[in-house]
Amino acid sequence: MSGIEFLGTGSYVPEFVADNDKFAEIVDTSDEWIFQRTGIKQRHIATDKPNYYMGAQAAKRALENAKVSAEDVDLIIVSTCTPDFFYPAMSCLIQKLIGAKNAACFDVNSACTGFISCLDIAQKYLATDTYKNVLIVSAEKLSQQVDYTDRASCILFGDAAGAVLLTKSGKRFNSFLGAEGDEFEALYCKINYQTNCPWYGDINEYYENRFDTHAKQNFLMQDGKAVYKFAVNAMADAVRNVAAQGGFSVDELDLVIPHQANLRIIEKATELLGIPSDKVYTNIEHMGNVSSACIPVALNELFGAGKIREGMKICFVGFGAGLTYGAAIMEV
Ligand code: UT7
């Protein structure tokens, strides 16, 4: 498999911070419960900016870091499950804001697995030689879907965007993607169209027989325990699969950057794989779960701190609504 390399990374993290005490003011919870059960202390919320604005800021920073002009971007792939518009694709809005007028654009939605899906796609485009610079932007504004009266879910999520600019390289890269559609009801957010089509029957009846009626309110719905159970094994399986596919041993991984959903999920999955905690990067304490933006935001933090060294073998692994899961191993 031909490889890819990072030319630059960037992120945008909104200023407004909602710490656990703020949640204790709006639902029956406590800093102690949230931190012990999830590892989260605070998350950021984009109180006055749309999702595509966050994505554009992250993209601009990635291009600045890469010292590549926006006009030299050939393709923008955005991962988001929290778009501002049904259409156009968020990638088109970001293209406009950053001035990447020569780029093709499309969006991907595999929920929190989105960044890994984008890496998988970008590698295949870059292998064709038609595309030289591919920009991935993972932008998520969970605050527009979360039910802030549901203490079991609202405490988990935040808003942020991360971006990476990629080009082809001779270094090793492998990716693996999977999905369990049978389990989709464990985590979903239904669209409720305000249609005025005069010929419709009662379409809600179809849904009401199948879903919690709260789903009518456009909120994120989750069965936390079901997601938790799925996530631990799915993450471990994804890492084993991608390592086997690329001829890597799990022991030779230098760094694992997992999806930041719950610190306990990360600890259990990496324990199953025998990966010591000092090789596992987490930022969940200060970011919460920002869906597909978790991994690129974490990666940008690591680059910024000078912790990514040439030759390292980095593993990205995640899971999300779908239920989807996936992993990638990249030599940097
Ligand atoms: O990107 C993927 C997104 N989703 C996820 O990753 C979700 C994965 N699941 C989880 O992270 C965990 O299942 C949760 C954090 C959602 C819940 O943690 P848990 O340890 O599985 O708790 P639980 O659901 O077993 O609930 C234990 C108790 C319950 O009370 P009772 O029935 O024992 O009286 C809950 O009502 O904790 C209660 N509870 C809370 N208490 C205080 C649930 N949420 C809260 C809360 N504060 N925020």
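Since the model is a prediction, treat every value here as computed from it, not as a measurement. As the structure lists them, so they are numbered: ligands from 1, and atoms in each ligand from 1.
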Practice problem: Identify, for atom 4 (N) of ligand 1, the protein heavy atom at the shortest distance, and state residue, atom and that distance. | Solution: Gln222 OE1, 2.8 Å

Quiz item: Between Asp28 and ligand 1, which part of the residue brings a heavy atom under 4.0 Å of the ligand: side chain, backbone, both or neither?
Solution: backbone

Quiz item: Cationic tip of Lys190 within the cone over Tyr207's six-membered ring, i.e. under 6.0 Å and within 45° of the normal?
Solution: yes

Quiz item: Taking a hydrophobic cluster as the set of Ile, Leu, Val, Met, Phe, Trp and Tyr residues connected by side-chain heavy atoms closer than 4.5 Å, whether directly or through intermediates, do Ile295 and Phe173 fall within one such cluster?
Solution: yes

Quiz item: Going by the order shown, which atoms of ligand 1 are within less than 4.0 Å of some heavy atom of Arg264?
Solution: 20 (O)

Self-check item: Gly320, any N or O under 3.5 Å of ligand 1 N or O
Solution: no

Quiz item: Just distances here: any N/O of Thr38 and N/O of ligand 1 closer than 3.5 Å?
Solution: no

Quiz item: Are any non-hydrogen side-chain atoms of Tyr148 and Val27 less than 4.5 angstrom apart?
Solution: no

Quiz prompt | Atom indices of ligand 1 within 4.0 angstrom of Ala152 heavy atoms, with elements | solution = 16 (C), 44 (N)

Quiz item: Thinking salt bridges, do Glu310 and Lys171 make one under a 4.0 Å N-O criterion?
Solution: yes

Quiz prompt | SB check Arg43 Asp159 (cutoff 4.0 Å) | solution = no

Quiz item: Is there a side-chain contact between Phe184 and Leu323, using heavy atoms and a 4.5 Å cut-off?
Solution: no

Practice problem: Considering heavy atoms of the protein only, find what lies nearest to atom 44 (N) of ligand 1 and give residue, atom and distance to 0.1 Å. | Solution: Trp33 CH2, 3.3 Å

Practice problem: Give the cluster check for Phe319 versus Leu272: same hydrophobic cluster or not, with ILVMFWY residues linked at side-chain heavy-atom distances below 4.5 Å. | Solution: yes

Exercise. Fit a plane to each ring of Phe86 and Tyr193, take the angle between them on a 0 to 90° scale, and name the class: parallel (under 30°), tilted (30 to 60°) or perpendicular (over 60°).
Key: tilted

Quiz item: Nearest protein heavy atom to atom 36 (O) of ligand 1, by residue and atom, and its distance?
Solution: Arg151 NH2, 2.9 Å

Quiz item: Going hydrophobic residue to hydrophobic residue with side-chain gaps under 4.5 angstrom, can you get from Ile257 over to Phe176?
Solution: no

Quiz item: Would you call Asp129-Lys168 a salt bridge at under 4.0 Å N-O?
Solution: yes

Practice problem: Provide, to 0.1 Å, the distance between atom 3 (C) of ligand 1 and the closest protein heavy atom, together with that atom's residue and name. | Solution: Asn289 ND2, 3.6 Å

Practice problem: Would you check whether Phe319 reaches within less than 4.0 Å of ligand 1, judged by its heavy atoms? | Solution: yes

Quiz item: Where does Asn262 meet ligand 1, judged by heavy-atom distances below 4.0 Å: at the side chain, the backbone, both, or neither?
Solution: side chain

Quiz prompt | Nearest non-hydrogen protein atom, atom 9 (N) of ligand 1 | solution = Gly224 O, 3.0 Å

Exercise. State whether any protein heavy atom lies less than 4.0 Å from atom 48 (N) of ligand 1.
Key: yes

Quiz item: Does the protein put a heavy atom under 4.0 Å from atom 15 (C) of ligand 1?
Solution: yes

Self-check item: Closest approach of any protein heavy atom to atom 6 (O) of ligand 1, naming residue and atom
Solution: Ala261 CB, 3.3 Å

Quiz item: Is the closest side-chain heavy-atom distance between Glu301 and His286 below 4.5 Å?
Solution: yes

Self-check item: Heavy-atom nearest neighbour in the protein, as seen from atom 23 (P) of ligand 1, with distance rounded to 0.1 Å
Solution: Lys225 NZ, 3.6 Å

Self-check item: Closest protein heavy atom to atom 27 (C) of ligand 1, given as residue, atom name and distance to 0.1 Å
Solution: Arg37 NH1, 3.7 Å

Quiz prompt | Flag for Ser292-Ser79: side-chain donor and acceptor within less than 3.5 Å | solution = yes

Quiz item: By number and element, which atoms of ligand 1 are closer than 4.0 Å to a non-hydrogen atom of Thr29?
Solution: 42 (C), 46 (C), 47 (N), 48 (N)

Exercise. Establish whether atom 32 (O) of ligand 1 and some protein heavy atom are separated by less than 4.0 angstrom.
Key: no

Quiz item: Hey, does Cys112 sit under 4.0 Å from ligand 1 if you only count heavy atoms?
Solution: yes

